Amino acid sequence: MSNKQAYCEHCDTMQLTTVEAHEETFTIRGTPITVIAATRFCSVCHQSVFDMELDDQKLFLAYSQYRERIGLLSPDEIRAIRKKYSLSQSAVAKLLGWSPATFVRYESGSLQELAHDNLLRRFRDDPNWVRELLTRNGDKLTDLQKRKLLTALNSMETAIASTAGSIIAALNDIYIELLRASETTPLSYQWVLDMVRLRAEQAGVKLSSAPH
Ligand SMILES: [Zn+2]
């Protein structure tokens, strides 16, 4: 990282080199992205010198700013999607019909294709589609990989069903309470609002007056 002898292509020989913060603009898919990052310089001609580790870091920093600007998933988010389904990198690649290297690259910071980003979001948000992929491409997975994925899918379904169940139960309680109260007195909007808010609070739900 620090001062060391390195090959300088401008001097065409080994020179002492130093590392300094340097501003550089990359054009990523047509968008200029400027980053300030550690860069290796020749101490004799003061030109920048190739340094694989630093140059990679700089490029990944530019990718990360581009991702934020365009709204692409980060490598951590991509990894989290795979872990959500208890899948290895090779298993998720097989399900999506990608090469295993593609997924490894995305998780280690390479910039994903926009179409792949959309597929990853669908993979994250739509367990039913993942189940379809398992039916279609499951024969490419090992038995262990299949079992792990099925376990993850089943526990997701249970969680969704139990959330849906409690929402329906809460709605029904509110309906019954309104029905009973309306049999004795005409209801005011205020009374209804207060009651719904109270029941939501009891269920641990924070209601908002802004529409979703
Ligand atoms: Zn030089």
Side-chain angles (χ1 to χ4, degrees), residues 1-126 129-130 133-134 136-137 140-142 144-145 148-149 152:
M1 269 297 280
S2 50
N3 299 359
K4 67 171 186 188
Q5 291 285 326
Y7 175 72
C8 171
E9 62 175 291
H10 309 281
C11 302
D12 194 20
T13 184
M14 295 297 282
Q15 298 285 28
L16 181 67
T17 62
T18 58
V19 173
E20 288 159 44
H22 179 66
E23 184 181 283
E24 191 167 332
T25 298
F26 295 85
T27 302
I28 300 176
R29 296 180 185 162
T31 303
I33 301 287
T34 301
V35 295
I36 297 169
T39 306
R40 187 167 293 286
F41 286 96
C42 170
S43 65
V44 178
C45 73
H46 305 292
Q47 300 285 326
S48 64
V49 171
F50 172 74
D51 181 310
M52 191 157 71
E53 195 187 339
L54 294 182
D55 292 351
D56 277 356
Q57 281 174 11
K58 204 185 319 184
L59 187 61
F60 284 175
L61 185 62
Y63 283 167
S64 140
Q65 290 188 15
Y66 175 80
R67 271 196 204 90
E68 271 178 36
R69 174 124 25 125
I70 303 296
L72 293 176
L73 295 163
S74 71
D76 284 346
E77 288 171 322
I78 294 177
R79 186 174 306 109
I81 293 172
R82 172 171 68 77
K83 300 229 158 158
K84 176 182 171 182
Y85 291 99
S86 310
L87 289 166
S88 66
Q89 291 172 327
S90 81
V92 76
K94 282 172 191 161
L95 281 173
L96 287 163
W98 300 354
S99 76
T102 304
F103 212 90
V104 174
R105 279 195 292 113
Y106 290 167
E107 278 193 15
S108 46
S110 289
L111 198 59
Q112 67 268 34
E113 298 294 326
L114 189 56
H116 281 181
D117 195 82
N118 291 332
L119 287 177
L120 285 168
R121 282 166 200 275
R122 184 167 182 202
F123 200 91
R124 177 190 63 190
D125 300 333
D126 188 354
W129 184 58
V130 177
L133 291 177
L134 178 62
R136 220 181 300 161
N137 300 332
K140 296 174 188 135
L141 303 189
T142 65
L144 179 64
Q145 285 172 336
K148 280 183 166 178
L149 175 56

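These numbers come from a predicted model, not from an experiment. When a residue number appears, it is its place in the shown sequence, counting from 1. Note that ligands are numbered from 1 as they come in the structure, with each ligand's atoms numbered from 1 the same way. Note: hydrogens, waters and symmetry copies are ignored here, and every other heavy atom, side chains too, is used.
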message: Please tell me whether F123 and Y85 form a close aromatic pair, meaning their ring centres lie under 6.0 Å apart.
response: yes
task: Compare every heavy atom of R29 with every heavy atom of L114, then report the nearest pair and how far apart it is.
output: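 Here L114 and R29 meet closest at N-NH1, 4.3 Å.
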message: Tell me the closest heavy-atom pair linking E107 and I78, and the distance in Å.
response: CG-CG2, 4.1 Å
- request: Mind jotting down which residue pairs meet the ring pair (Phe, Tyr, Trp, His ring centres under 6.0 Å) criterion with at least one end in residues 36-55? Sequence neighbours excluded, please.
  value: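 Checked against ring pair (Phe, Tyr, Trp, His ring centres under 6.0 Å) - neighbours excluded - the pairs reaching residues 36-55 are H22-F41.
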- line: Sorted by chain and residue number, the side chain to side chain donor-acceptor pair (under 3.5 Å) partners of T102 (sequence neighbours excluded) come out as S99
Set of residues satisfying side chain to side chain contact (heavy atoms under 4.5 Å, CB included) with respect to D76, sequence neighbours excluded: S74, R79
query: Which residues and atoms, counting only protein N, O or S, are under 2.8 Å from the Zn ion (ligand 1)?
result: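 Within the sphere that stays under 2.8 Å of the Zn ion (ligand 1), the protein atoms of type N, O or S are C8 SG, C11 SG, C42 SG, C45 SG.
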